[in-house]
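Side-chain atoms are counted along with the backbone in the values below, which use heavy atoms only and exclude waters and symmetry mates. Note that this is a predicted model, so its numbers are computed, not measured.
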Amino acid sequence: PTLPEGIHENIGFSLYRDLEYLNSGALRYMDTSPMHCRAALDGDLDRDSDDMRMGRAFHVCLLEPEAWESYAVSLRCAATMKSGVNKGSYCQHTGKYRDASGIWWCGKHAPEGASIPNEFCTVAEKTAAEEMREAVMNHPVGNILHKRGGTEITIIWQRVIPVVLENGEEITTQDVTITLKARIDKLVMEGHPISIDLKSCAVGAAYPHKCRSSIDAYGYNVQAAMYRDAVRHATEDAIEPDIMLVFCEKKKPYDVCVMQFDAEDIDISEREYESLLLRYAKCVAQGKWPGGHSDVCMPSLPAYRREE
């Protein structure tokens, strides 16, 4: 699938995921190696999980109330046990597969033709998502989320990156055109523009020092710089929004921590983003995606081993 450059609303997550453009999730792997970035783009590192699925349910619950009303909720597996002490009783596992009749089955009992829906949540996850929504909206950040703006905004834009290539003594410059994509949870346009991104986290992790660790570990600062780049290219006035991350625990007590990047954070993040983008463009130009360790590495055993 393809989309033209610009701001798009009502683009489902499945369609967005299938767009073969560069996003922050793949770009951040350039910091590991170009090989990992290429694998992410090819979908080899795209492994869905219950936590990721729960995070998407939370997004829909908070940002798309109309879609939440019809969100698929899985029920207990419809199979009955054929033998053993539980013979005749219903299977106790939660269904993840759904057949054409809308009946839910676990992985063990799923009949041929049953499939995992693109988006769904369990009954317990539905309750948790709604309680997370209440926690966020009762936080002062809820007043910002109520402001005018779009939700689940998809932005497509292009960047032309000049790359210097060396071939022996010959040095040439090549312009590499990169198509990028971003999906912003909430873009507030009332007053000063703010890009808001929701992050679900473990119990006890909604505290500033732990949120900072998550920002560093998962490259959320690069994502923030990419979102600013997206809005800058997609708006007539080259708007540069503030960046706000809303962390909410996915289990009780559902504490909330809001992190906002200051000018220095943004400056550092944008330089890191541009550096990764340049490295990516060079790989595109050369058609080479090397791993992170081309040289022979020394094990360097610890000092106490050397003293033995």
Side-chain angles (χ1 to χ4, degrees), residues 9 13 24 49-69 71 73 119 121-155 182-228 230-231 239-266 269:
E9 298 187 46
F13 175 76
S24 64
S49 67
D50 288 346
D51 284 342
M52 294 171 67
R53 186 171 48 74
M54 173 61 198
R56 294 195 297 272
F58 168 48
H59 279 64
V60 175
C61 179
L62 178 60
L63 301 172
E64 302 177 89
E66 292 183 2
W68 184 246
E69 291 181 3
Y71 204 78
V73 180
E119 302 299 341
C121 63
T122 66
V123 173
E125 289 167 346
K126 182 177 187 294
T127 299
E130 291 172 346
E131 292 182 347
M132 290 170 72
R133 175 184 62 191
E134 183 177 358
V136 170
M137 297 311 294
N138 286 334
H139 186 278
V141 76
N143 295 325
I144 300 175
L145 287 165
H146 273 305
K147 291 185 176 182
R148 178 178 59 85
T151 59
E152 300 293 6
I153 297 295
T154 294
I155 301 180
R183 186 175 175 87
I184 300 177
D185 293 341
K186 174 82 176 187
L187 183 58
V188 175
M189 299 301 289
E190 181 180 333
H192 187 81
I194 304 174
S195 170
I196 300 176
D197 206 44
L198 303 177
K199 306 293 185 186
S200 55
C201 62
V203 173
Y207 290 88
H209 68 285
K210 292 189 176 182
C211 292
R212 291 188 195 101
S213 296
S214 294
I215 289 169
D216 185 53
Y218 298 110
Y220 292 152
N221 63 310
V222 172
Q223 181 188 62
M226 196 171 191
Y227 285 1
R228 279 172 61 89
V231 177
I239 293 171
E240 295 186 331
D242 288 341
I243 301 294
M244 189 176 289
L245 304 183
V246 180
F247 290 83
C248 182
E249 295 175 343
K250 53 194 171 189
K251 292 184 179 180
K252 291 183 178 180
Y254 305 112
D255 203 0
V256 176
C257 181
V258 179
M259 306 290 285
Q260 183 165 353
F261 289 80
D262 62 20
E264 184 178 9
D265 291 333
I266 289 295
S269 300

Test item: Arg183 side-chain N/O and Ile153 main-chain N/O as donor-acceptor pair under 3.5 Å: no

Minimum heavy-atom distance between Lys252 and Val203, given as atom pair plus value: O-CG2, 3.6 Å

How close do Ala129 and Cys61 get, counting heavy atoms only, and between which atoms? O-SG, 3.6 Å

In this structure, OG of Ser24 is separated from OH of Tyr227 (nearest 0.5 Å) by 5.0 Å

I'd like to check Arg53 versus Asp50 (side-chain heavy atoms, cut-off strictly below 4.5 Å). Are they in contact? yes

Evaluate the criterion side chain to side chain contact (heavy atoms under 4.5 Å, CB included) for residue pair Phe58 and Val136; output intermediate values, then yes/no. CA-CA 11 Å; Phe58 168 48; Val136 170; 3.9 Å; yes

Minimal heavy-atom distance between Ala206 and Cys257, with the atoms involved, is O-CB, 3.3 Å

Donor-acceptor contact present, side-chain Asp185 to main-chain Glu152, <3.5 Å: no

Ignoring hydrogens and angles, tell me if any N or O in the side chain of Lys186 forms a donor-acceptor pair with the backbone of Lys147 under 3.5 Å. yes

Just wondering, more than 12 heavy atoms not from Glu134 lying within 6.0 Å of its CD? no

Taking atom OG of Ser269 and atom CZ of Phe261, what is their separation to the nearest 0.5 Å? 5.0 Å

Heavy-atom distance under 4.5 Å between the side chains of Asp197 and Met244, does that happen here? no

I'd like to know whether Gln260 forms a side chain to side chain contact (heavy atoms under 4.5 Å, CB included) with Asp265, so could you lay out the CA-CA distance, the side-chain angles of the two residues, the decisive distance to 0.1 Å, and finally the verdict. CA-CA 9 Å; Gln260 183 165 353; Asp265 291 333; over 6 Å; no

Please step through side chain to side chain contact (heavy atoms under 4.5 Å, CB included) for the pair Glu64 and Tyr71, ending with a clear verdict. CA-CA 10 Å; Glu64 302 177 89; Tyr71 204 78; over 6 Å; no

For Glu125 and Lys250: C-alpha separation, side-chain torsions, deciding distance, then whether salt bridge (Lys or Arg N to Asp or Glu O under 4.0 Å) applies. CA-CA 9 Å; Glu125 289 167 346; Lys250 53 194 171 189; over 6 Å; no

Side chains of Tyr254 and Glu249: any donor to acceptor distance under 3.5 Å? no

Could you tell me whether Lys199 sits above the aromatic face of Tyr220, with NZ or CZ closer than 6.0 angstrom to the six-membered ring centre and within 45 degrees of the axis? yes

Has His59 got a side-chain atom pairing as donor or acceptor with Gly55's backbone, closer than 3.5 angstrom? yes

When you compare the side chain of Val258 with that of His139, does any pair of heavy atoms fall below 4.5 Å? yes

Reported CD1-to-CD1 distance for the pair Ile194 and Ile243, which is rounded to 0.5 angstrom: 10.0 Å

Roughly how far, to the nearest 0.5 Å, is the CD atom of Glu9 from the CG atom of Leu187? 9.5 Å

Distance col, row Asp255:CG vs Tyr207:OH, nearest 0.5 angstrom, shows 5.0 Å

Separation between CE (Met54) and NZ (Lys126), nearest 0.5 Å, reads 11.5 Å

Of all heavy-atom pairs between Arg228 and Asp242, which one has the smallest distance, and what is that distance? NH1-N, 4.5 Å

Indicate yes or no: at least one non-hydrogen side-chain atom of Leu63 is less than 4.5 angstrom from one of Leu198. yes

With heavy-atom distances below 4.5 Å as the criterion, would you say the side chains of Ile184 and Thr151 are in contact? no

Could you report the tightest heavy-atom contact between Pro241 and Ser195, atom names first, then the distance? CB-N, 3.9 Å

Search all heavy atoms of Ile144 against all heavy atoms of Ile196 and return the closest pair with its distance. CG2-CD1, 3.6 Å

